[in-house]
Amino acid sequence: MKKIKIVLQLLGLAIFTLYSFNAVTQDEWVVPEEYKTMKNPTNANDGENKAIGKSLYNKHCKSCHGKEGFGDGPKADEQEGDLGDFSSAEFQVQTDGELFYKVTKGRDDMPKFEKKVSSDEDRWLIVNYMRTLEE
Ligand code: HEC
């Protein structure tokens, strides 16, 4: 009986340690190398492309990230994790490929858009739109 108790205590400690570790490292979102260096195949200056990127952003992203990407959309308060600020230099230093990866794969409360916006090209156009939010 005593042994079982010790095993359970150790298990509890292990779970707690893993949980805290996860909370501390949550901010670091590791993007695989092959995505980081991926080349954006779209033309960001094309008028029609711009319009598509904007309308996709408004439809799928604005509710959480806000109209200007400040992370202040109507659903922002319900989200766990840092929504980031798309207008900031800190956000904009990321490569197109990194942003493409995050939008495609998601993480926790950030949905993955692999299926919802199933065309790769459309997700690149959203990346282009996020670039226009820089201040
Ligand atoms: C339901 C709310 C929600 C929606 C809708 C949403 N996001 Fe997010 N997003 C989040 C949350 C929460 C995070 C933080 C995730 C984390 O760090 O674990 C995030 C993080 C991100 C990041 C990483 C931020 C950084 O600082 O690197 C990017 C890029 C992003 N979202 C883009 C988008 C795009 C583009 C869309 C639309 C196609 C979108 N998001 C839709 C909730 C949302």
Side-chain angles (χ1 to χ4, degrees):
M1 230 18 226
K2 209 172 169 197
K3 259 191 190 155
I4 293 178
K5 207 174 156 196
I6 290 172
V7 168
L8 283 178
Q9 275 173 348
L10 283 175
L11 203 66
L13 188 69
I15 289 168
F16 177 78
T17 308
L18 278 174
Y19 182 82
S20 330
F21 184 70
N22 187 43
V24 170
T25 55
Q26 204 225 350
D27 278 345
E28 212 188 306
W29 191 342
V30 179
V31 176
E33 208 55 44
E34 72 260 32
Y35 276 90
K36 275 189 193 168
T37 52
M38 219 178 236
K39 201 171 156 5
N40 185 337
T42 62
N43 176 1
N45 297 316
D46 177 86
E48 199 181 323
N49 279 352
K50 280 186 182 170
I52 296 170
K54 181 175 184 173
S55 92
L56 287 170
Y57 179 89
N58 285 337
K59 182 171 174 205
H60 295 288
C61 321
K62 199 171 77 175
S63 58
C64 290
H65 289 283
K67 186 167 180 276
E68 289 162 289
F70 297 147
D72 60 353
K75 288 206 283 185
D77 286 347
E78 302 157 27
Q79 310 306 315
E80 293 229 19
D82 184 1
L83 288 147
D85 173 358
F86 299 167
S87 74
S88 69
E90 188 193 4
F91 175 81
Q92 295 286 345
V93 293
Q94 303 183 72
T95 65
D96 279 8
E98 283 177 284
L99 301 181
F100 181 77
Y101 176 80
K102 291 180 175 183
V103 177
T104 303
K105 301 293 181 189
R107 179 175 86 159
D108 301 333
D109 279 357
M110 165 66 194
K112 55 166 167 292
F113 285 92
E114 219 162 10
K115 299 216 175 71
K116 258 185 276 182
V117 180
S118 63
S119 140
D120 283 1
E121 187 181 357
D122 282 349
R123 272 178 274 114
W124 284 114
L125 296 180
I126 298 175
V127 169
N128 295 344
Y129 185 71
M130 288 191 281
R131 294 297 185 202
T132 69
L133 299 173
E134 181 171 19
E135 278 182 355

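Just follow the structure's listing: the first ligand is 1, and inside any ligand the first atom is 1. Basis for what follows: all heavy atoms, side chains included, without hydrogens, waters or symmetry-related copies.
Heavy-atom proximity to atom 35 (C) of ligand 1, evaluated over V127, D108, V103, is greatest for V103. Between the choices K102, H65, K116, Q94, the shortest heavy-atom distance to atom 21 (C) of ligand 1 belongs to H65. Summarising the contacts of atom 13 (C) of ligand 1 with R107, E78, M110, the nearest heavy atom is found in M110. The nearest non-hydrogen atom to atom 25 (C) of ligand 1, considering only F91, W29, F113, comes from F91.
Take L83 and apply the side-chain contact (heavy atoms from CB on, under 4.5 Å) test, not counting sequence neighbours, and it matches C64, H65, A76, Q79.
Residue-ligand proximity: R123 is placed with every non-hydrogen atom at 4.0 Å or more from ligand 1. Heavy atoms of K75 come nearer than 4.0 angstrom to ligand 1 in no pair at all. Heavy-atom separations between E90 and ligand 1 are all 4.0 Å or longer.
Contact detail for R123 and T104: the closest heavy-atom pair is NH1-OG1, 2.9 Å. Across all non-hydrogen atoms, the minimal contact from K116 to K112 is CE-O, 4.2 Å. Nearest approach of N58 to K62, heavy atoms of both residues: OD1-CD, 3.4 Å.
There is no path of hydrophobic side-chain contacts, each under 4.5 Å, that joins F70 to I126.
No side-chain donor-acceptor contact under 3.5 Å links R107 to the backbone of K102. Within the 3.5 Å criterion, the main-chain N or O of E134 finds no donor-acceptor partner in the side chain of E68. In terms of modelled atom types and a separation under 3.5 Å, the side chain of Q92 and the main chain of F86 share a donor-acceptor contact.
Taking the six-membered ring where tryptophan is involved, the planes of F113 and H60 are perpendicular, since the angle between them exceeds 60° and thus also 30°.
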Side-chain polar contacts of residues 30-53 - donor-acceptor pairs under 3.5 angstrom, sequence neighbours left out - could you list them?
from, atom 1, to, atom 2, distance (Å)
T37, OG1, E33, O, 3.3
N40, OD1, T42, N, 3.0
N40, OD1, T42, OG1, 2.7
N40, ND2, D96, OD2, 2.9
N40, ND2, N128, OD1, 2.8
T42, OG1, N128, ND2, 2.9
N43, OD1, N45, N, 2.9
D46, OD2, E48, N, 3.1
D46, OD2, N49, N, 2.8
N49, ND2, N43, O, 3.0

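Ligand 1 has no N or O atom lying under 3.5 Å from any N or O atom of S63, backbone or side chain. For ligand 1, none of its N or O atoms has an N or O atom of Q79 under 3.5 Å away. Where the criterion is an N or O separation shorter than 3.5 Å, residue side chain and backbone included, Y57 fails it with respect to ligand 1.
Contact annotation: for V117 versus ligand 1, there are no heavy atoms closer than 4.0 Å. Counting heavy atoms closer than 4.0 Å to ligand 1, residue E80 contributes backbone atoms (N, CA, C, O) but none from C-beta onward.
Heavy-atom proximity to P111, at under 4.0 Å, picks out these atoms of ligand 1: 3 (C), 4 (C), 6 (C), 7 (N), 43 (C). Listed by number with element, the atoms of ligand 1 under 4.0 angstrom from any heavy atom of D82 are 13 (C), 14 (C), 17 (O). Annotation for ligand 1: atoms under 4.0 Å from non-hydrogen atoms of C64 are 1 (C), 2 (C), 3 (C), 4 (C), 5 (C), 43 (C).
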